[in-house]
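Remarks on the structure that follows.
What you see is a predicted model; the values in this text were computed from it and never measured.
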Amino acid sequence: QVQIMESGGGLGQPGGSLRLSCTASGNIFNINAMGWYRQNPGLQRELVAAITSGGSTNYADSVKGRFTISRDNAKNTVYLQMNSLKPEDTASYYCNFFVRSAGHEYDYWGQGMQVTVSS
């Protein structure tokens, strides 16, 4: 009933930019927050950026000033504009939709996209 589609991953150059997109479709409502997480093998998945239904944003210290998260509520889409890329940004990136309604709470996840930053 719910499909999560990610796009925009791939190879980026140090100092360059990538723009990740993630769209939720189907029977999904009451998206309270959207976010991007990243993970490397053997490590925990970590928050990169999140945006709430009220528009508040939160960023990992490592990406502040370089990454920008935004959302298009009408399209159930969350974006991550990644500028000034660094090799340490290399990871699998996962989008997240946090859904909350009366008596219900659930996380929907994208399948992950590889982002590799290398010259």
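- Clustering of Ile, Leu, Val, Met, Phe, Trp and Tyr by side-chain heavy atoms under 4.5 Å joins Leu47 with Tyr37, Tyr94, Trp109.
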Per-pair distances, 0.1 Å, donor-acceptor, side chain in residues 112-119, under 3.5 Å, sequence neighbours excluded:
from	atom 1	to	atom 2	distance (Å)
Gln114	OE1	Ser92	OG	3.2
Gln114	NE2	Thr116	OG1	3.3

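- Two residues are said to be in side-chain contact when any heavy atoms from C-beta on lie closer than 4.5 Å; Ser84 and Phe67 fail this criterion.
- Here the closest non-hydrogen pair linking Tyr93 and Val48 is CE2-CG2, 4.1 Å.
- Between Lys64 and Asp61 there is a salt bridge, since a side-chain N of the basic residue sits under 4.0 Å from a carboxylate O of the acidic one.
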What donor-acceptor contacts under 3.5 angstrom involve side-chain atoms of residues 98-107, with partners at least two apart or in another chain?
from	atom 1	to	atom 2	distance (Å)
Asp107	OD1	Asn96	ND2	3.3

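- Rounded to the nearest 0.5 angstrom, Gln13 CD and Leu18 CG are separated by 10.0 Å.
- Listed by chain and residue number, Gln81, Asn83 satisfy the side-chain contact (heavy atoms from CB on, under 4.5 Å) test with Ser17 (two or more places apart in sequence, or in another chain).
- Closest of all the heavy-atom pairs between Cys95 and Glu6 is N-OE2, 2.7 Å.
- Nearest heavy atoms, Ala24 versus Ile4: CB-CD1, 3.6 Å.
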Using side-chain contact (heavy atoms from CB on, under 4.5 Å), reason through Ser25 and Asn76 one step at a time and then give a plain yes or no.
CA-CA 7 Å; Ser25 61; Asn76 287 339; over 6 Å; no
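- Summarising the geometry, atom CZ belonging to Arg45 is positioned 12.5 Å from atom CG belonging to Leu43; distances are rounded to the nearest 0.5 Å.
- Note that CE of Met34 and CG of Leu80 are 13.5 Å apart. Values are rounded to the nearest 0.5 Å.
- For the pair Thr90 (side chain) and Glu88 (backbone), a donor-acceptor distance under 3.5 Å is absent.
- Residues Tyr59 and Ala49 come closest through the heavy atom pair CD2-CB, 3.5 Å.
- Applying the side-chain contact (heavy atoms from CB on, under 4.5 Å) criterion to Glu46, with sequence neighbours excluded, gives Arg38.
- The shortest non-hydrogen separation linking Leu20 to Met82 is CG-CE, 3.9 Å.
- Atom OG of Ser62 sits about 7.0 Å away from atom CG of Asp89, to the nearest 0.5 Å.
- Partners of Ser53 according to the side-chain contact (heavy atoms from CB on, under 4.5 Å) rule, which considers only residues two or more places apart in sequence or in another chain, are Asn32, Arg71.
- Using a distance-only test at 3.5 Å, with no hydrogens or angles considered, no donor-acceptor pair links the side chain of Gln39 to the main chain of Ala91.
- Atoms OG1 and CE, on Thr77 and Met5 in that order, are 10.5 Å from each other to the nearest 0.5 Å.
- The shortest distance between side-chain heavy atoms of Tyr108 and Ile28 falls below 4.5 Å.
- Going from atom OG1 of Thr68 over to atom CD1 of Ile51 covers 10.0 Å, rounded to the nearest 0.5 Å.
- A donor-acceptor contact shorter than 3.5 Å is absent between the side chain of Tyr79 and the backbone of Asp72.
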